[in-house]
Amino acid sequence: MSDYVLEMKGIEKSFAVPVLKGVDFSIKKGEVHALVGGNGAGKSTLMKIMTGVYSKDAGEISIGGKAVEINSIHDANRYGIAMIFQELSLIQTMTVAENIFLGEEVTKNGIRDTSYMNKKSKEVLESLGIEVEPETVVSTLSVGMSQMVEIAKAVAKDAKILVLDEPTASLSDSETEHLFHLISDLKEKGVSMVYISHRMNEILKIADSITILRDGVIAHSDMVKNMNLDSIIMHMLGSGEGKKFDWVERSYDETAQDLLTVEHLKVNDNITDISFSLKPGEILGFAGLMGSGRTEILETLFGRRRMQGGTVKLRGAQVALKNTQDAIKAGFALIPEDRRKQGLVLIHTVKENAILPKVSRLCKSKVFVDEKRANAMVEDNVKQLNIVTDGIHKRINLLSGGNQQKVVVAKWLNMNPEIIMLDEPTAGVDIGAKAEIIDLIRNFADEGKGVLFVSSELTELMAVCDRIIVLFDGKITGSLSRREIRAEEELQHAIQQEC
Ligand SMILES: Nc1ncnc2c1ncn2[C@@H]1O[C@H](COP(=O)(O)OP(=O)(O)OP(=O)(O)O)[C@@H](O)[C@H]1O
Ligand SMILES: [Mg+2]
C-alpha cells in the first residue's frame with residue numbers, strides 16, 4: 001500500500017503552448033500540502049486536472065496505489081476529491097442547506113425534505129464550528145462565510161482531498177484565523193488539503209509540505225520545516241536573489257500646492273467626516289482593518305458612490321464627482337479590489353481590456369481605433385509587466401489570476417491619469433510581479449502625479465508610501481510620515497487601536 005492518498009506522475013498539458021511539462025505531485029493522508037509558484041506557473045491547471053475540470057494530455061493519476069481516470073468533476077467527487085475555486089461557485093439565491101445538498105436533494109413521498117436537509121446541514125456546520133443557519137440565503141453571506149459553506153459542502157460529500165485555491169485572497173484577518181482553525185480540524189479528521197497561496201507567511205504557518213512549480217515543471221518539493229522564506233523564493237524565481245520590498249526614501253515638494261484636497265467628505269452614515277490632502281508626487285497609503293472604510297472612500301472619489309457631503313478639490317479648484325465619467329475626466333483612475341466584477345471584461349482579449357478606457361483617444365476618426373498604435377502599446381504593457389500570455393489577442397479569462405490583475409493595472413496606467421487609486425492591487429499577484437507593480441507606482445509618482453494606495457499587506461504599504469493614514473471604523477485616527485515608522489509592528493498597533 002502506497003504512502004500517498006493520491007499520486008500524479010508525468011502530467012502534461014498544453015493549451016496553445018505547453019503549460020505543464022511532466023509534473024509529479026503526491027499527497028499524503030492528513031497533510032496540508034502547499035502548492036506555490038509564480039503567476040501562470042500552472043498551479044490552478046494542475047489542480048483542475050486532478051479535479052476533472054481539464055483533461056490531461058499525458059501522465060497518470062493513482063489513488064491509494066490504483067490507477068484511475070478522472071474525466072469530470074463528478075468522477076473527482078466520487079473519489080473524494082473536491083476543489084474550492086478562486087471564484088466561488090455557490091448558488092446565490094439558494095439557502096445554505098440547499099447548496100450543501102445541491103444535486104443530491106433528499107425527498108420524502110416525492111417532495112423535497114427541507115427539514116431533513118436543514119437538520120443534516122446544521123450537523124455538518126456545527127461539527128466544523130461554522131456559525132451560520134442552514135436556512136440563510138447565500139447572497140446575504142460575506143465572502144468569508146460563503147467560503148466556509150463551500151468547504152462544509154465538500155465535507156458533507158465526504159471529501160478526502162480538498163483543494164483550496166488562494167482561499168484567503170479576499171478574507172479579513174479574523175476570517176482567515178477561522179479558516180486556519182477549520183483546516184487544522186479537517187487535518188485531525190484525516191482530510192488532505194492542497195493549499196495554493198502567494199502569501200508565504202501563511203504557508204510557513206499551516207503547511208506540512210510544499211511543492212514549488214516554475215514554468216510548468218517542479219522546481220522543488222520538500223517538508224516545510226526544511227524551508228524558509230528565502231529558500232522558497234529562490235526556487236520560485238530560479239535565481240539566487242530574492243526580491244525584497246525595501247523602502248526607498250523618495251522626495252517630493254512638500255510646500256507645493258495640493259494636487260488633491262478632500263474636506264469633510266461624507267460617504268455614508270458611518271464614514272462622515274474625512275479630510276486629507278495629497279501633494280504632486282506623493283504616495284499616500286491607507287491602512288486599516290477590513291470594513292474600516294478604505295474601499296468606500298476610494299469608490300466615492302471615483303464617482304462610484306454618491307458623495308453625501310464635503311468637497312473635493314483638484315489643484316485648488318472644486319470638482320463635482322457625480323459619476324465615474326466625471327471622475328475619469330477629472331483625472332482619477334481606480335484599480336478596484338474585485339477585478340472580476342469591476343476591472344475586466346472577461347470575454348474580451350488582453351488587448352481589448354488593456355485599451356478599454358482609452359479607446360476614444362486612440363481613434364483616428366470617430367470609429368476606427370489606430371490598431372498599430374494600440375498593438376504597440378499593449379505589447380509594451382505585456383513586456384513591462386511581464387504578463388504571461390501567448391499573445392495580446394488571448395481572451396482574458398484564460399489568463400492565470402495574477403496575470404489578469406496585471407492587465408487591470410496596465411489598463412489604467414495607459415490612461416495616464418493625474419491621480420491613481422489602487423485598492424489591494426497585488427492580491428493574487430506573485431512576489432516578482434508585486435515588486436514590479438510597486439516599481440510602477442513609484443515611477444508614476446516620480447512624474448509628479450498622485451497615488452492613493454490601499455493594502456492589507458503592511459510590508460507593501462511600508463515599502464512604497466511616503467505617508468500613511470490610519471482608518472478605524474470610518475474615522476481617520478492617525479497620519480504617519482513613513483520616516484516616523486520604525487517597524488511594521490507600530491503600524492499594526494495603530495491599525496488595531498491597541499495603543
Ligand atoms: N483554458 C485555458 N485556455 C488557454 N490557456 C490557459 C487556460 N487555462 C490556463 N491557461 C494558461 O495556462 C497557464 C497557467 O495558468 P494557471 O492558471 O494554471 O496559473 P497559476 O499558476 O494558477 O497562476 P496564478 O498564480 O496567477 O493563479 C497560463 O499561462 C494560462 O494563460
Ligand atoms: Mg491560479
Side-chain angles (χ1 to χ4, degrees), residues 5 29-30 32 47 50-53 63 70-172 174-195 290-291 338 340-341:
V5 283
K29 186 174 161 65
V32 177
M47 289 301 104
M50 191 174 94
T51 51
V53 178
I63 291 176
I70 302 176
N71 294 318
S72 65
I73 298 184
H74 187 72
D75 282 354
N77 286 344
R78 260 193 313 133
Y79 290 118
I81 308 169
M83 180 155 172
I84 313 296
F85 289 95
Q86 257 167 317
E87 52 282 4
L88 300 177
S89 61
L90 295 176
I91 298 184
Q92 297 289 318
T93 51
M94 290 188 172
T95 67
V96 169
E98 285 165 348
N99 267 288
I100 289 178
F101 277 93
L102 193 67
E104 299 173 5
E105 282 86 358
V106 180
T107 54
K108 200 163 131 190
N109 307 329
I111 351 174
R112 271 202 316 178
D113 192 347
T114 310
S115 66
Y116 173 82
M117 290 191 283
N118 282 343
K119 190 171 140 258
K120 276 286 159 204
S121 301
K122 201 174 175 76
E123 280 172 25
V124 177
L125 293 164
E126 271 176 5
S127 76
L128 297 171
I130 302 171
E131 288 172 13
V132 64
E133 291 302 322
E135 298 89 352
T136 319
V137 177
V138 164
S139 62
T140 63
L141 301 178
S142 67
V143 184
M145 195 45 93
S146 304
Q147 198 160 50
M148 305 273 173
V149 170
E150 192 131 9
I151 294 172
K153 181 176 163 183
V155 172
K157 286 199 178 132
D158 216 17
K160 299 279 184 299
I161 300 170
L162 200 58
V163 182
L164 299 155
D165 197 350
E166 290 187 53
T168 60
S170 40
L171 297 192
S172 67
S174 62
E175 286 174 331
T176 300
E177 274 310 308
H178 192 166
L179 177 70
F180 288 174
H181 281 300
L182 187 54
I183 288 175
S184 64
D185 282 355
L186 289 172
K187 211 168 112 167
E188 298 261 295
K189 294 190 167 97
V191 176
S192 309
M193 280 158 281
V194 179
Y195 191 90
M290 207 172 246
D338 180 356
R340 297 196 137 254
K341 274 208 202 111

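As the structure is a computational prediction, the values presented were derived from the model and not from experiment.
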Just do the side-chain contact (heavy atoms from CB on, under 4.5 Å) check on Ile130 and Met145 with the steps written out, would you?
-> CA-CA 8 Å; Ile130 302 171; Met145 195 45 93; 3.7 Å; yes

Start with the C-alpha distance between Met193 and Ile161, add both sets of side-chain angles, then the distance that settles side-chain contact (heavy atoms from CB on, under 4.5 Å), and finish with yes or no.
-> CA-CA 6 Å; Met193 280 158 281; Ile161 300 170; over 6 Å; no

Pair Lys122-Glu133, side-chain contact (heavy atoms from CB on, under 4.5 Å): steps then yes or no = CA-CA 7 Å; Lys122 201 174 175 76; Glu133 291 302 322; 3.1 Å; yes

For Gln147 and Leu141, what are the C-alpha separation, side-chain angles and deciding distance, and is it a side-chain contact (heavy atoms from CB on, under 4.5 Å)?
-> CA-CA 9 Å; Gln147 198 160 50; Leu141 301 178; over 6 Å; no

Is any side-chain heavy atom of [Y] closer than 4.5 Å to one of [X]?
| X | Y | value |
| --- | --- | --- |
| Ile73 | Thr51 | no |
| Leu102 | Glu105 | yes |
| Leu179 | Pro167 | yes |
| Met148 | Val132 | no |
| Glu98 | Arg112 | yes |
| Leu164 | Ile183 | yes |

Does [X] use its side chain to pair, donor to acceptor, with the backbone of [Y] at less than 3.5 Å?
| X | Y | answer |
| --- | --- | --- |
| Thr176 | Thr168 | no |
| His178 | Gly129 | yes |
| Asp113 | Val106 | no |
| Thr107 | Gly110 | no |

Checking side-chain contact (heavy atoms from CB on, under 4.5 Å) against Met47, which of Ile81, Asp165, Val163, Val53 comes through?
->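 Of all the options given, the one that passes is Val163.
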
Does the pair Lys120/Glu123 count as a salt bridge with the N-to-O cut at 4.0 Å?
->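 Glu123 and Lys120: salt-bridged.
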
Looking only at non-hydrogen atoms, find the nearest pair between Ala97 and Asn118 and report the distance.
->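 That would be CB-OD1, 3.1 Å.
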
Side chain to side chain donor-acceptor pair (under 3.5 Å) partners of Asp158, counting only residues at least two apart =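 Scan of Asp158 (side chain to side chain donor-acceptor pair (under 3.5 Å), adjacent residues dropped) gives Lys160.
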
Do other residues, nucleotides or ligands put more than 12 heavy atoms under 6.0 Å from the NZ atom of Lys119?
->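 Open: at most 12 neighbouring heavy atoms sit under 6.0 Å from NZ of Lys119.
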
